[in-house]
Amino acid sequence: MQLYKDQQIHVFNSLSGQKERFQPIVEGHVGMYVCGPTVYSNVHLGNVRTFMSFDMIFRYLKHLGFKVRYVRNITDAGHLENDADEGEDKITKKARLEKIEPMEVVQRYTVDFHNVLDIFNFLPPSIEPTATGHIIEQIELVKSIMDNGFAYEVNGSVYFDVHKFNETEHYGKLSKRNLEDLVHNTRALDGQSDKKNPQDFALWKRAEAQHIMRWPSPWGDGFPGWHLECTAMSTKYLGDKFDIHGGGMDLKFPHHECEIAQNEAAKGCSPVNYWMHANMLQLNGQRMSKTTGNTVNPHELLSGDNKFFSKAYSPSVIRFFNAQSSYRSVLDLTDNGLQASEKGFHRLMDAINLLEELKGDSSSTFNVQEWKQKCYDAMNDDFNTPILIAHLFEAAKLINQIKDNKASLTSEDLGLLKQTLHDFSFDVLGLMNITEMNTGADKLSGAIELLIELRQQARLNKDFAMSDKIRDELAAVGIQLKDGKDGTTFTIN
RNA sequence: GGCAUCUUGGCCGAGUGGUUAGGCAGAGGUCUGCAAAACCUUGUACAGCGGUUCGAAUCCGCUAGAUGCCUCCA
């Protein structure tokens, strides 16, 4: 019996603007596509937040027993910088600046991207396809759209005819716009354009002589348009119609809108049942921006080497911080917020570690089964991790009460509590148990146990100068002693 | 300028038409040689102005602000 048969998920669908019961196309299987990074610079922290949210969703779906094919692309062909003819491929530009090969830039930042995700304990996607590896599929897609009459060629470039498409379909249904408004609000472009209408977007762009990244096509040498790769790769690996498509809120328009149009024009069906969008990350209440300097990259955040934060924060603290807000809310990264999360995170981990030492009792004062279902209910409600965490803290409180003999659980309930806590904290939220990792060093633990014993001797001898010296100097190096009824334990921060 | 989303107690951050979110910080207490940790107790918030309703912070409208997209930045 798979868990997903008991647990009914509801997801917020950007397309309908409301929560809907999640029903995969093929029972027990989920196809999920998430727009990946453009690898022309170090991965943006906001991008990491988006992927972190979908990593959590991927983890939960897997936990429920779904067979998930999770596809997250690598955009290595670069996006057009603008739709004008002088539009330049981002990767080409950067490469020229640095005097190296485009694919060298791509390689460097792809490696960096994977390093960052590893540090944050991401699960790798099932398939991580590259745009440059799917040029043929993209050309075929352009042909289909042209054959169906929704694209036209001008001077070696091919454009999607948005107005023609809008005659029979609604261009703008995802982002809640309509074409008339777009027409009225489009600013006059200075440059000359081959496009019939400003709303049209490129499917294929002719490469100018200096353009390094280029491929032969029926329309001459060129490169694929901005939105094409996601349609080509999502349908190749997940089918013409699949379950979940995710990405950052900023991609809703025009990127995802164009994906829908391309798919409908090429395949005659809307590609996705559930569109999910993760909200933006802010830094101190402001949007992150390279131009204003209000930005911090993942390495700087983790090392503490930045001007925004008082200290370094561990990857799990950042994950925990992220999970304390909904993926659909704007998340404001602040020093106070991270510090509060860090303390809460350590309290939760301490409780989970303490659970290992608890002994079962003859009866339970707490309904673990009911609590467990509340955890699932939280996740089933559009992956509500803040509520889940509230329930995890309820368990932490219970564990501390059991330690103080103010509550009790049977061995069976203890096992269930432990299993559930581990499932949600580590498997679903992807947290790492730092305390356990550190104390796993047996030699260090042994040394600390000895110091605890010496301190206890000193206390019995009323040599408080000595006992306090041991306590305080251990605290100074980040080892905290905790005196309880049944002896002293410690945690390493 | 247009469209969209959001605005919650000292801070962060959920949620609901009438019942406790949770975390951090603060206060009091238990424990302790003193502390720390842990536990117990404690705060009655929902931008402003109107409206719908027996009742709204939760629904509707307007105003203000923030954010996103429309324009290179995830």
Side-chain angles (χ1 to χ4, degrees), chain A residues 14 17 35-38 41 43-51 79-83 87-88 90 93 172 175-178 181-182 184-187 189 198-199 247-257 277-282 285-292 295 320-321 323-326 328-348 350-351 354 378 381 384-394 396-407 459-460 462-464 467-468 471-472 475 480-485 488-491:
Chain A
S14 301
C35 292
T38 303
S41 66
V43 63
H44 193 285
L45 197 61
N47 232 167
V48 173
R49 188 219 173 175
T50 298
F51 300 146
H79 289 166
L80 289 176
E81 286 207 321
N82 57 53
D83 277 346
E88 190 176 17
K90 276 181 190 166
K93 185 178 182 185
S175 52
K176 314 276 187 288
R177 290 157 204 249
N178 56 64
D181 291 342
L182 288 172
H184 289 150
N185 291 307
T186 301
R187 292 180 188 176
L189 290 172
Q199 293 75 35
M249 200 77 107
D250 50 342
L251 297 179
K252 212 191 248 186
F253 187 90
H255 185 57
H256 290 158
E257 203 71 71
H277 291 95
N279 217 138
M280 301 290 101
L281 181 70
Q282 296 183 357
Q286 301 283 120
R287 74 165 307 185
M288 297 180 88
S289 159
K290 282 173 193 166
T291 44
T292 62
T295 188
F320 189 74
F321 176 72
Q324 275 186 304
S325 82
S326 156
R328 286 200 289 128
S329 302
V330 173
L331 180 62
D332 188 15
L333 201 61
T334 62
D335 202 42
N336 281 345
L338 284 168
Q339 276 182 19
S341 286
E342 183 175 54
K343 285 182 184 167
F345 171 68
H346 285 303
R347 198 157 84 79
L348 183 62
D350 287 350
L354 182 62
D381 182 16
N384 196 327
T385 49
I387 295 289
L388 169 67
I389 287 174
H391 294 321
L392 298 184
F393 275 112
E394 198 185 342
K397 190 169 177 175
L398 172 71
I399 290 165
N400 285 317
Q401 284 174 338
I402 294 172
K403 185 198 71 175
D404 289 353
N405 295 315
K406 287 176 178 163
R459 293 173 75 196
L460 289 173
K462 304 254 187 236
D463 182 2
F464 297 125
S467 67
D468 287 356
R471 178 185 67 195
D472 297 340
Q480 188 191 21
L481 299 187
K482 296 178 177 178
D483 294 330
K485 279 206 170 64
T488 302
T489 57
F490 66 94
T491 55

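The shown structure was predicted, so the numbers you read here are calculated from the model rather than taken from an experiment.
A:Ser467 contributes a side-chain N or O that, together with a main-chain N or O of A:Phe464, makes up a donor-acceptor pair within less than 3.5 Å. Checked by atom type and distance alone, the side chain of A:Glu257 pairs as donor or acceptor with a backbone atom of A:Gly172 at under 3.5 Å. Between the side chain of A:Arg49 and the backbone N or O of A:Asn279, at least one donor-acceptor pair lies under 3.5 Å.
The side chain of A:Arg177 lies closest to B:C69, out of B:G22, B:C69, B:A14. Nearest nucleotide to the A:Asp468 side chain, out of B:C69, B:U67, B:C34: B:C34.
A:Asn384 comes within 4.0 angstrom of the backbone, heavy atoms only, and of no base. Within 4.0 Å (heavy atoms only), A:Arg471 reaches at least one base atom of the nucleic acid. A:Lys397 comes within contact range of the sugar-phosphate backbone alone, with a heavy-atom separation under 4.0 Å but no base atom that close. Note on A:Lys343: only backbone sugar-phosphate atoms sit closer than 4.0 angstrom, heavy atoms only; bases stay farther off. Within 4.0 Å of A:Ser329, counting heavy atoms only, lie sugar-phosphate atoms of the nucleic acid but no base atom. Across all strands, A:Leu281 comes closer than 4.0 Å to base atoms (heavy-atom distances). Base engagement by A:Arg459 is indicated by at least one non-hydrogen atom pair under 4.0 Å involving a base atom. Counting any heavy atom pair closer than 4.0 Å across all strands shown, A:Ser325 reaches sugar-phosphate atoms only and no base atom.
One C1' atom belongs to B:C6, the other to B:C40, and the distance between them is 38 Å to the nearest Å. Remark: the separation of the C1' atoms in B:C62 and B:C72 is 36 Å, to the nearest Å. Distance check on atom P: B:G15 versus B:U52 gives 29 Å, rounded to whole Å. Here, B:U5 and B:U42 have their C1' atoms 36 Å apart, quoted to the whole Å. When the P atom is used for both B:U44 and B:A36, the distance is 26 Å, rounded to whole Å. Straight-line distance between the P atoms of B:A64 and B:C54: roughly 32 Å, to the nearest whole Å.
If A:Ser467 and A:Ala390 are placed on RNA chain B by their nearest nucleotide, the residue sitting closer to the 5' end is A:Ala390. Nearer to the 5' terminus of RNA chain B, by closest-nucleotide assignment, is the contact made by A:Asp381 (compared with the other of A:Asp381 and A:Gln339).
Put simply, the side chain of A:Asn400 and the base of B:A37 share no donor and acceptor less than 3.5 Å apart.
A salt bridge between A:Arg471 and A:Asp483 is absent, with no side-chain N of the basic residue lying under 4.0 Å from a carboxylate O of the acidic one.
By the 5.5 Å and 30° criteria, A:Phe464 is stacked with the base of B:G33.
Between the side chains of A:Arg328 and A:Ser326, no donor N or O sits under 3.5 Å from an acceptor N or O.
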(message) Could you write out RNA chain B as dot-bracket? Rules: Watson-Crick or G-U wobble, both distances under 3.5 Å, brackets [ ] for crossings, | for pairs with another strand, dot for unpaired.
(response) (((((((..(((.....[...))).(((((.......)))))....(((((..]....))))))))))))....
